[in-house]
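Report on the structure given below.
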Amino acid sequence: MSDRLLACVILAAGKGTRMKSDLPKVVHPLAGRPMLSWILETAESLNPAKIVVVVGPDMPEVEKLAGTHGTVLQDRQRGTADAVRAALPKLDGFRGDVLVLIGDMPCISAETLRALVTARHATADRNKTADIGLSILAADYPDPTGLGRMILSADGTLERIVEEKDATPAEREVTLCNCGAMCMDAERLARWIERIGCDNAQNEFYLTDLPKIAAADGAATRIARAADPLEVQGVNTRADLAVLETHTQSRLRRAAMLSGVTMTAPETVWLHWDTVLAEDVKIGPHVVFGPGVRVEKGAVIEAFSHLEGAQVGPKAKVGPYARLRPGAVLEAGSKVGNFVELKNARLGEGAKANHLTYLGDAEIGAHANIGAGTITCNYDGFDKYRTEIGANVMVGSNTALIAPIRIGDGAYIGAGSTLSHDVPEDALALTRAEITLRDGWADTFRRRKVDTERKK
Ligand code: UD1
Ligand code: CA
């Protein structure tokens with residue numbers, strides 16, 4: 001890449017009407033992370049001197065995502081060139097290149113952007129006469145609907161870009177389209193942008209008029225081609241968003257597998273952008289990761305498990321059909337089996353909760369065994385209470401532990417108990433209702449019923 005200073009302008013002021021949403025388009029997530037954050041991270045990786053995000057009115061969510069980067073307000077959405085114009089005051093006095101990116105192109109890679117910046121500095125043409133004023137990223141789209149078409153002259157250089165709504169039927173046949181990323185010198189950009197008008201089908205100021213204006217100034221436009229149209233795919237509708245979700249998921253899964261994670265059916269596993277999976281982790285089919293999950297070395301997550309805000313320790317086993325909610329911590333070698341839910345609960349080293357259990361606001365000691373159907377009753381409609389279970393405790397099946405409660409190390413809880421008092425170490429605690437037994441009652445009952453049936 002060139003050693004000139006670089007500034008990035010990210011256009012994110014559009015309403016995104018086609019999303020039909022109260023949420024600004026660039027806030028919609030891919031793998032749980034807003035589109036704008038994806039492109040911001042990529043832009044940051046180029047180490048630009050500054051990044052300016054153009055936002056529309058009433059978009060506090062977008063401003064928040066822009067974080068420490070500068071934002072400028074485009075008060076009315078009058079087109080992509082008008083949005084860049086709004087950013088110019090922030091570039092006043094800046095000497096270097098400006099990389100303009102549209103905010104609805106979240107999957108673009110740093111490599112592609114570097115190639116675009118490099119193209120702006122490449123030697124102009126064979127005769128080395130024309131001055132490269134501008135580089136534009138373009139790709140061949142299998143379905144170019146809605147995109148700006150790159151109209152080339154006979155010698156293969158770019159003549160102009162025509163937006164679909166202004167294109168003739170012949171121009172619409174062109175599949176080489178503008179991806180929405182351009183690079184040019186800052187001072188020229190400021191001059192050229194003033195010359196863009198809005199005499200077009202949408203009465204908007206199109207940034208795509210730049211090549212024409214640059215040419216009038218004697219500057220040529222160079223096309224940098226993106227190899228993969230999916231990488232530069234824009235998002236206009238929720239259907240587009242779903243296409244890029246699939247793309248993002250396969251990138252994340254591939255990265256996980258290359259880092260040493262086994263996935264038996266990768267295409268069915270849903271990752272979050274921040275999912276951390278260590279080497280030798282095994283993931284079964286249909287596992288879903290929400291935000292904030294870390295899985296340590298050698299842990300196994302079986303089919304149909306759902307995890308969010310959870311930490312799974314080394315060699316721990318989860319599922320099938322387990323649900324780990326925020327604050328679930330599984331220490332090394334612990335096990336959570338089918339239809340077990342953990343919320344804000346820690347399972348000590350080697351401890352097991354294998355079947356049909358709810359553990360909320362709980363601390364379970366090392367090697368404790370939580371029997372099938374154990375429930376921590378942690379909520380009274382107002383407050384939450386803690387359950388503490390010591391090391392090596394055996395909790396019998398179908399036990400209700402009414403919090404706050406402490407079970408001392410090594411204690412046994414008899415099956416079917418409902419406990420509301422602490423249990424000392426190594427004690428046995430159980431609650432049993434008296435059994436009622438009537439010999440032969442069932443037989444008598446059946447005979448009576450059969451007799452009555454016959455008489456009917
Ligand atoms: C734009 C390009 C088109 C290109 C396509 C690639 C123009 C005129 N058209 O079309 O050539 O093929 O992207 O996806 O540039 N925005 C503002 N302020 C505005 C208008 C838009 O900030 O007044 C922002 C939007 O938030 C969005 C981006 O600019 O992030 C692109 O706007 P959009 O309306 O989606 O442009 P397209 O019609 O897709
Ligand atoms: Ca778009």
Side-chain angles (χ1 to χ4, degrees), residues 1 6 8-12 14 16 18-19 25-26 28-31 33-46 48 51 53-54 80 83-84 97-120 122 134-152 158 161-164 167 172 174-184 206-208 210-211 221-252 254-255 273:
M1 218 169 87
L6 185 71
C8 286
V9 175
I10 303 180
L11 310 186
R18 288 166 282 182
M19 294 294 280
K25 175 162 69 179
V26 296
H28 282 261
L30 281 181
R33 186 195 210 188
M35 279 195 255
L36 182 64
S37 303
W38 283 104
I39 197 161
L40 267 175
E41 183 188 53
T42 310
E44 281 163 6
S45 75
L46 303 179
I51 296 180
V53 181
V54 183
T80 44
V84 172
D97 287 328
V98 180
L99 179 61
V100 179
L101 303 172
I102 56 174
D104 61 357
M105 188 175 46
C107 296
I108 191 155
S109 70
E111 201 186 344
T112 301
L113 290 182
R114 268 190 221 107
L116 175 66
V117 177
T118 304
R120 138 108 182 92
L134 187 64
S135 60
I136 294 192
L137 193 66
D140 254 313
Y141 288 82
D143 175 13
T145 312
L147 298 174
R149 311 296 206 276
M150 310 292 279
I151 308 297
L152 307 183
L158 181 72
I161 302 176
V162 60
E163 290 303 310
E164 179 162 283
R172 286 186 192 189
V174 173
T175 54
L176 184 67
C177 296
N178 169 32
C179 305
M182 303 185 185
C183 182
M184 72 293 281
Y206 291 162
L207 194 61
T208 43
L210 274 184
T221 298
R222 166 153 300 203
I223 296 174
R225 290 199 186 224
D228 176 8
L230 261 183
E231 182 200 318
V232 289
Q233 179 78 46
V235 173
N236 294 320
T237 64
R238 300 204 199 215
D240 297 337
L241 187 69
V243 169
L244 287 194
E245 179 71 39
T246 305
H247 175 66
T248 306
Q249 287 296 335
S250 55
R251 273 167 56 206
L252 292 173
R254 191 176 154 74
W273 71 275

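Count residues from 1 along the sequence.
Atom CG of residue L11 and atom CG of residue L36 lie 11.0 Å apart, to the nearest 0.5 angstrom. Distance CD1/I10 to CD1/I102: 11.0 Å, rounded to 0.5 Å. In this structure, OG1 in T145 is found 6.0 Å from CD in E164, a value given to the nearest 0.5 Å. Between T221 atom OG1 and L158 atom CG the span is 5.5 Å, to the nearest 0.5 Å. To the nearest 0.5 Å, atom CZ of residue R225 and atom CG of residue L137 are 11.0 Å apart. In this structure, CD1 in I223 is found 11.5 Å from CG in L116, a value given to the nearest 0.5 Å.
Taking each heavy atom of L46 and A110 in turn, the nearest pair found is CD2-O, 3.9 Å. Residues A167 and R172 share a closest heavy-atom pair of O-NE, 3.5 Å. Contact detail for G103 and V26: the closest heavy-atom pair is O-CG1, 3.5 Å. Smallest separation of non-hydrogen atoms from M19 and L241: CE-CD2, 4.2 Å. Taking every heavy atom of both residues into account, N178 and L147 meet most closely at O-CD2, 4.5 Å. Contact between C177 and P144 at its shortest, heavy atoms only, is SG-CB, 3.5 Å.
For D97, the side chain to side chain donor-acceptor pair (under 3.5 Å) criterion is met by R4, R120, H121, not counting sequence neighbours. Applying the side chain to side chain donor-acceptor pair (under 3.5 Å) rule to H28 yields the partners S21; only residues at least two apart in sequence or on another chain are considered. Residues meeting the side chain to side chain donor-acceptor pair (under 3.5 Å) test with Q233, sequence neighbours left out: none.
The environment of E111 atom CD is sparse: at most 12 non-hydrogen atoms of other residues, nucleotides or ligands sit within 6.0 angstrom. Around the CZ atom of R254, the shell of radius 6.0 Å holds no more than 12 heavy atoms that belong to other residues, nucleotides or ligands.
Between C107 and L230, the closest side-chain pair of non-hydrogen atoms is not below 4.5 Å.
For the pair W38 (side chain) and R33 (backbone), a donor-acceptor distance under 3.5 Å is present. Between the R149 side chain and the V162 main chain, no donor and acceptor come within less than 3.5 Å of each other. At least one donor-acceptor pair closer than 3.5 Å links the side chain of T80 to the backbone N or O of L207.
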Start with the C-alpha distance between M182 and V84, add both sets of side-chain angles, then the distance that settles side chain to side chain contact (heavy atoms under 4.5 Å, CB included), and finish with yes or no. CA-CA 11 Å; M182 303 185 185; V84 172; over 6 Å; no
Step-by-step side chain to side chain contact (heavy atoms under 4.5 Å, CB included) determination, Y141 to V232: CA-CA 10 Å; Y141 288 82; V232 289; 3.3 Å; yes
Mind running side chain to side chain contact (heavy atoms under 4.5 Å, CB included) on D240 and T237 for me, showing each step along the way? CA-CA 5 Å; D240 297 337; T237 64; 3.3 Å; yes
Is there a side chain to side chain contact (heavy atoms under 4.5 Å, CB included) between M150 and I136? Walk through the geometry before answering. CA-CA 10 Å; M150 310 292 279; I136 294 192; 3.8 Å; yes
